[in-house]
Amino acid sequence: TDKYKNQQSVSKRKRNVERNVCSNEERKSRKDDHKLYLICCLVSGYIRNGWINSPKLYKRLSKLIPDKIFELLHPKKDEEMPLRSTRKLLDGLKKAMEIWQKHWKIMKNYENVSYYMRLWNEIREPKNSKSKTIIKQQFIKQILKGIGDHDLAAQGFVALLRSCELNARLVMSCQPPDFTNLKKSEPLSKVQMNEEITKFPIFWCEVWDKFGKKWITIDPINFKTIEQVRLHSKLEPKGVEASKRNIMRYVIGYDRKKGCRDITRRYVHWYNCKCRRKRITKDEDEEIWYHKLIDSLHKRKRTKIDDYEDIYFDQRDQDEGMPDNIQDLKTHPLYILEQSLKQNQILRSGCKECGFLKLQNKTKGVLKVYLRSDVIDLKSSREWYMKGRILKKGSRCLKKIKKRRFNPIEGSDDEERLYPYEDTEMYIPPLANEDGEIVKNAFGNIEVFTPSMIPQNCSLIESPVSIKAAKAINVPFVKAVTSFKFEKGNKAKPVITGVVVASWFKDAVISAIDAIEYSEEQEKRQSEE
Amino acid sequence: AGAAGGPPGSIGLTMEDLLALRQVVAGNPEALAPLLENLSIRYPQLREQILANPEVFVSMLLEAVGDNLQGVMGEEFEGLAGGELGGNDDASAAGQEQHIVQLSEEDEQAISRLCELGFERNLVIQVYFACDKNEEIAANILFSEYAD
């Protein structure tokens with residue numbers, strides 16, 4: 001039996017080694033850390049951008065640019081061929097870049113990972129390093145002297161261009177740890193930054209070209225290049241070594257007026273197909289979270305330039321095209337396969353496929369691909385009611401499905417009819433009468449799933465003692481069901497969290513609640529003594 | 001409200017820790033991981049609070065202290081001086097600073113005490129204002145961040 005046991009443990013160990021996947025808790029924790037680091041990265045870029053906006057810096061840097069080049073940077077509009085003006089601007093930028101390369105006297109190497117991505121073991125067991133904290137004064141000094149690492153040199157270049165009154169952005173590719181990496185352990189090795197890893201920059205620059213209505217990309221340090229990104233950017237990391245510590249997911253542009261925009265779309269070719277999966281925004285809730293974060297760092301009003309940029313981004317979404325494999329289609333925000341439709345979804349009647357996917361495997365079949373905008377979400381009348389909506393008269397169900405297991409109210413029907421939003425209208429509950437009496441349902445309650453389900457002349461008061469209070473002062477009330485709790489055995493239990501009373505009784509009930517809570521507290525204290 | 005945090009939506013961090021965090025976020029990517037680790041041990045609810053209210057955390061980091069000092073010495077006053085002096089190129093940076101910051105006697109004494117600890121006066125003034133004129137915190141930061 002010993003031998004048997006041994007074998008068992010060996011195979012167990014083997015399985016664990018094969019499944020080098022972290023626990024669920026760790027997965028959640030990595031997601032949280034990803035978000036935490038993302039906040040810090042974004043704020044970091046914001047503060048640096050603020051440092052760049054220093055009049056002292058501008059005053060001194062502007063002297064580096066001779067008048068001739070300044071003129072190139074501000075060409076007159078060529079009415080016949082605006083392209084010629086853009087040409088001049090590009091020419092000026094190239095000269096400015098050369099000046100900056102000469103100005104930067106000492107290019108320091110990165111001492112450690114710096115703003116590149118950290119692996120999970122480096123996050124979990126961080127080592128204290130002897131690194132120094134740069135403050136603004138030092139930052140300005142180093143830029144004026146031309147001493148520092150690649151990041152500082154790129155940031156200084158943004159300052160140089162702003163000193164020439166150009167609308168220049170500081171661009172930062174934020175590198176929070178990768179939450180989609182679920183490996184339990186990674187080989188702990190000494191961090192060795194080499195040229196391959198740092199080949200692609202973290203910081204670079206963009207300049208607004210008012211003639212072409214596009215942002216021009218400049219990487220004055222790493223690739224020493226100027227590009228007008230159409231489909232691909234040189235700055236998108238390629239290669240195994242570079243991708244280890246540089247995954248393009250959140251490219252942020254900070255402008256001179258303290259605007260902050262996510263401009264990842266410009267730099268990542270397969271943004272919707274691939275990159276999306278690595279961004280926290282792939283979940284709807286997280287997308288809201290992310291927008292809240294970006295908004296808190298965006299300190300200016302929307303401009304025409306933002307409109308132009310959005311048009312450009314839309315165009316890039318179009319140009320990216322359809323993915324060529326099932327996996328990428330499954331999570332794609334624009335396209336969907338018919339087989340990926342959920343049970344409660346249908347395609348808009350009469351809509352046509354927008355393309356085909358050739359299957360690579362033996363079947364050699366072809367699947368139709370549809371636009372996600374042609375998908376209609378359906379709900380049963382009960383589900384619509386939970387959203388405060390009821391069916392319009394004469395609406396016909398678009399789809400029938402088998403009844404799902406958790407259903408608040410059981411019926412004899414085991415088929416469920418589903419309806420689209422257009423076939424519903426807002427439910428308007430009947431008003432309370434003069435005496436404050438409210439219409440109850442068959443169970444003697446009132447269902448309040450949305451604020452709109454409270455009768456207009458009534459109020460919802462939520463408190464564990466609200467029923468007691470309403471009874472005590474003898475006003476008409478109805479118990480309010482605000483949600484359902486799902487328990488074992490496919491049963492849904494209504495949850496009563498308060499009462500609905502006519503608005504003119506509201507204050508009375510609230511003061512009764514206060515009184516009850518107060519006396520309960522008193523009793524508790526007395527019994528403790 | 002939780003034991004470690006004030007009212008809901010608030011993020012509990014002492015001024016000192018907040019300032020340290022801000023400085024690291026702004027100017028020391030290497031120190032970020034150890035500092036966050038340290039803070040999340042000392043403030044068990046911090047991560048949760050930050051993630052629930054990212055916008056509150058962001059405004060704390062941006063508005064707090066850090067820029068007070070840097071703002072006092074840098075942007076605001078520089079901007080002012082620049083405006084007053086117009087295009088006068090001769091004005092040196094140091095001249096501008098002296099020009100503007102008015103120190104009370106109390107401040108002056110605190111600053112010279114901090115200088116006696118062996119720090120450069122310019123740095124001391126910055127940190128002192130960044131800490132909302134709290135001498136003790138300023139000393140702590142000087143020692144932890146700038147002692148060579």
Side-chain angles (χ1 to χ4, degrees), chain A residues 29 31-33 35-44 46-48 50-51 53-60 63 110-116 118 122-141 144 151 175 177 202 289-290 292-297 299, chain B residues 20-40 46-48 50-62 66-67 69-71 73-75 78-83 85 87-89 91-93 96-97 122-123 126-127 130 141 144-146 148:
Chain A
S29 164
K31 217 171 165 183
D32 285 351
D33 271 335
K35 287 161 73 180
L36 186 58
Y37 277 83
L38 181 57
I39 301 177
C40 292
C41 289
L42 283 166
V43 172
S44 185
Y46 182 94
I47 294 175
R48 278 297 160 98
W51 288 2
N53 271 344
S54 150
K56 177 164 143 198
L57 210 46
Y58 291 171
K59 202 181 277 176
R60 300 258 218 109
K63 289 180 201 149
Y110 293 110
E111 279 176 23
N112 209 312
V113 186
S114 195
Y115 286 100
Y116 286 87
R118 282 176 168 70
E122 293 159 7
I123 297 280
R124 292 284 175 261
E125 291 152 39
K127 288 194 191 83
N128 275 309
S129 63
K130 282 178 228 134
S131 57
K132 262 205 147 180
T133 305
I134 289 194
I135 59 169
K136 185 177 176 182
Q137 223 183 13
Q138 249 170 296
F139 171 82
I140 291 175
K141 216 185 269 173
L144 290 176
D151 299 343
Q175 300 294 336
I202 295 293
W289 180 89
Y290 180 68
K292 217 155 87 180
L293 173 60
I294 292 276
D295 281 350
S296 68
L297 290 161
K299 312 274 189 193
Chain B
L21 183 56
R22 188 203 145 96
Q23 293 220 325
V24 163
V25 164
N28 192 349
E30 303 303 340
L32 186 60
L35 181 63
L36 285 177
E37 179 73 14
N38 175 307
L39 290 177
S40 52
L46 183 66
R47 216 163 64 154
E48 209 179 301
I50 292 174
L51 295 180
N53 304 289
E55 73 283 11
V56 175
F57 179 60
V58 164
S59 67
M60 273 171 75
L61 273 181
L62 295 185
D67 253 10
L69 130 152
Q70 268 140 9
M73 300 305 297
E75 257 158 6
E78 238 173 50
L80 237 166
L85 298 168
N88 193 345
D89 289 338
S92 73
Q96 284 177 26
E97 277 155 18
N122 251 343
L123 178 71
Q126 281 206 34
V127 175
I141 285 165
S144 60
E145 297 286 331
Y146 301 101
D148 286 302

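Labels below follow one simple rule: chain letters A, B, ... track the order of the sequence lines, proteins then strands, and each chain is numbered from 1. Just so you know, these numbers use all the heavy atoms, side chains as well, and skip hydrogens, waters and symmetry mates.
The closest side-chain heavy-atom distance from A/Ile39 to B/Val25 is not below 4.5 Å. For the pair A/Lys35 and B/Pro54, the minimum side-chain heavy-atom distance is 4.5 Å or more. Using a 4.5 Å heavy-atom cutoff, the side chains of B/Glu55 and A/Asp295 are not in contact.
For A/Asp33, the parts lying under 4.5 angstrom from a heavy atom of chain B are both the backbone and the side chain. A/Phe139 does not touch chain B: none of its heavy atoms, backbone or side chain, sits under 4.5 Å away. Both the backbone and the side chain of A/Leu36 come within contact range of chain B, with heavy atoms under 4.5 Å apart. For B/Leu35, no part lies near chain A; criterion is any non-hydrogen pair under 4.5 Å. For A/Lys299, the part sitting under 4.5 Å from any heavy atom of chain B is the side chain, from C-beta outward, and nothing else.
When all heavy atoms of B/Arg47 and A/Ser29 are compared, the pair lying nearest together is NH2-OG, 3.4 Å. Closest approach of B/Leu36 and A/Cys40 over heavy atoms only: CD1-SG, 4.3 Å. Minimum interatomic distance between B/Pro34 and A/Pro126 (heavy atoms only, all atoms of both residues): N-CB, 3.6 Å. Closest approach of B/Ala26 and A/Trp51 over heavy atoms only: CB-CZ2, 3.9 Å. Closest non-hydrogen pair, B/Pro29 versus A/Tyr115, comes out as CG-CE1, 3.6 Å.
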For this session: Let me see the working for A/Ile47 and B/Leu61 under side chain to side chain contact (heavy atoms under 4.5 Å, CB included), right down to the final yes or no.
Result: CA-CA 10 Å; A/Ile47 294 175; B/Leu61 273 181; 5.8 Å; no

For this session: Using the side chain to side chain contact (heavy atoms under 4.5 Å, CB included) rule, take A/Ile135 and B/Val127 through it: C-alpha gap first, then chi angles, then the decisive distance, then the call.
Result: CA-CA 10 Å; A/Ile135 59 169; B/Val127 175; over 6 Å; no

For this session: Report the C-alpha separation of B/Glu30 and A/Arg118 in whole Å, then their side-chain angles, then the decisive distance to 0.1 Å, and conclude whether the salt bridge (Lys or Arg N to Asp or Glu O under 4.0 Å) test is met.
Result: CA-CA 10 Å; B/Glu30 303 303 340; A/Arg118 282 176 168 70; 2.8 Å; yes

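Applying the 6.0 Å contact sphere to CD of B/Glu37 captures more than 12 heavy atoms from other residues, nucleotides or ligands. Crowding of A/Gln138 atom CD: a count of heavy atoms from other residues, nucleotides or ligands under 6.0 Å exceeding 12.
When atom types are taken as modelled, the side chain of A/Trp289 and the backbone of B/Leu51 share a donor-acceptor pair closer than 3.5 angstrom.
Taken from CG in B/Asn28 to OG in A/Ser44, the straight-line distance is 10.0 Å, to the nearest 0.5 Å.
Ranking A/Val43, A/Ile123, A/Leu42 against chain B, the residue ahead of the rest is A/Val43, based on heavy-atom pairs under 4.5 Å.
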